[in-house]
Structures are given as structure tokens and as C-alpha cells.
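Contents: one structure, followed by commentary.
For the single chain, residues carry numbers from 1 onward in sequence order.
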Amino acid sequence: MLAALASLLLMTQAAPAAGADARLEAFKAACLPDHRAPEKRPAVFAREGWRSTLDADHPMLAEVLRLSRSEMAEDAAEGIDGDLGAWRKDLSGHPVYLVLTTVRSDIMSLTGCYLFDFAAPAIAPEPITVWLKEAPAQTVDTVGLTAQIWNVEGIEGVWDLQNSFVKAGSQAANVVGYHGMSIQMTSTVEKAAPAAN
């Protein structure tokens, strides 16, 4: 699923939206602390009121996780280790989900923190631009997908941040297995400090 979504992120122009969003604050509170240490993040999620959940909690969550596991199985055949987990929290009277992914290789290890809301429109890009103090490096508006991608120069270890919306019934929804919004931050995994002699 993650590779499929990335393959749809072709550079185009997206119209700006207006307004802040509580989901952005929930994302920042869950995904920023210890963003380079995936083993510490479940404790952060619990502190912020997220609880571990299973695929069966929502059919689109199940499809997201199914596609992600399929990709991880393919990566494993090439010697790349990976894992993922899912958490749930109710916001504005309906559930939203966090998915944490980590992939490890001899070259580089990356961890991704995703917030999904399958029942609501996109987060406006302007509050994200204000927060990050930089404009999106890339915008997308194609095949039912709108998105913005920031390089996030101001937060050490962040690879990028993507804010996306997938239209129900679109070609993009068929590819990624869900519709609604997601916001994702990918970071490099911080290497453990060498043990003292």
C-alpha cells in the first residue's frame, strides 16, 4: 500500500484549502515525540489516548494493513526487515487510526507514522505550512488523489511529511485500498549509541 500510494504522487498543482484541523494536533502529539525511535512510540501513543487495535476494527484499516504486510513480505525476500502496528482513537465522534511502520536494511532504516481518517475530508495544507515554516516541496492532484509533500528541513531526521486525500470510488482508492485522508511522517531511525567500555 505504501509503495502504491507513493507511485501516485506525481508532481502537479493542488488548490489550497483553508482552516485548521484537530486531527493535525493529534498527529503532532502522537508522531513527533521520539519520532526516530519506533520502539518508544507505543508508550507515546498510549499517553496520548490511543489504544492498540486489530485489522477487524475497520474494513479499510484491514486493507491498508493487508497491503502493507504484502509489501513487507516482498521486502523480506530482499533481506529488508519490517514490522507494523495499528492504534485507534475517537475524535469528533468517530474513530481515527494510527499506523506505525518500520523497515530496516543494512543501508538505511526508516519509520513511518500515519494518521488515517476514513470518514472525513483532507487536512488543509496551510496550518501544516505554518507549523513547519516551509512551503510544500511538491503538490499532487491526480486520479482521485490530492496531496502535499514537505521536505521538513527544520526537524532532524525527518525524511518527509505527506498530507493526502483519496476520493471515494476513485482509481487511487482502488490502488491504496481506502478513501479519506491520511497524514504521514517518515523519519530515519536513530542509531543506538555505542555501549561504553
Are Val189 and Val99 joined in one hydrophobic group, where the rule is that I, L, V, M, F, W and Y side chains link up if heavy atoms are under 4.5 Å apart?
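As far as the 4.5 Å side-chain criterion goes, Val99 and Val189 are not connected within one cluster.
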Output the distance between atom [atom1] ([X]) and atom [atom2] ([Y]), rounded to the nearest 0.5 Å.
X: Met72; Y: Leu65; atom1: CE; atom2: CG; value: 9.5 Å
X: Met185; Y: Leu132; atom1: CE; atom2: CG; value: 9.5 Å
X: Arg66; Y: Asp55; atom1: CZ; atom2: CG; value: 10.5 Å

Here's a test for you: under ring pair (Phe, Tyr, Trp, His ring centres under 6.0 Å), which of Phe116, Phe118, Tyr178 qualifies with Tyr97?
Phe118
Sidechain N-carboxylate O distance under 4.0 Å for Arg104, Asp81:
yes
Can you tell me if [X] uses its side chain to pair, donor with acceptor, with the backbone of [Y] under 3.5 Å?
X: His35; Y: Glu156; answer: yes
X: Asp160; Y: Ile149; answer: no
X: Thr111; Y: Thr101; answer: yes
X: Asn151; Y: Glu153; answer: no

Is any side-chain heavy atom of Leu115 less than 4.5 Å from a side-chain heavy atom of Trp50?
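Leu115 reaches Trp50 side chain to side chain.
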Which heavy atom of [X] sits nearest to which heavy atom of [Y], and what is that distance?
X: Arg41; Y: Cys31; answer: NH2-O, 2.9 Å
X: His94; Y: Ala120; answer: NE2-CB, 4.3 Å
X: Asp117; Y: Pro95; answer: OD1-O, 4.4 Å
X: Ala147; Y: Ser164; answer: CB-OG, 3.6 Å
X: Val44; Y: Ala30; answer: CG1-O, 3.6 Å

Set out, in order, the CA-CA distance, both residues' side-chain angles and the distance that settles side chain to side chain donor-acceptor pair (under 3.5 Å) for Arg36 and Thr188, then state yes or no.
CA-CA 6 Å; Arg36 302 185 67 192; Thr188 56; 3.0 Å; yes
Taking side chain to side chain contact (heavy atoms under 4.5 Å, CB included) as the definition, give me every residue that meets it alongside Lys28, ordered by chain and number, with sequence neighbours left out.
Leu24, Glu25, Leu32, Trp131
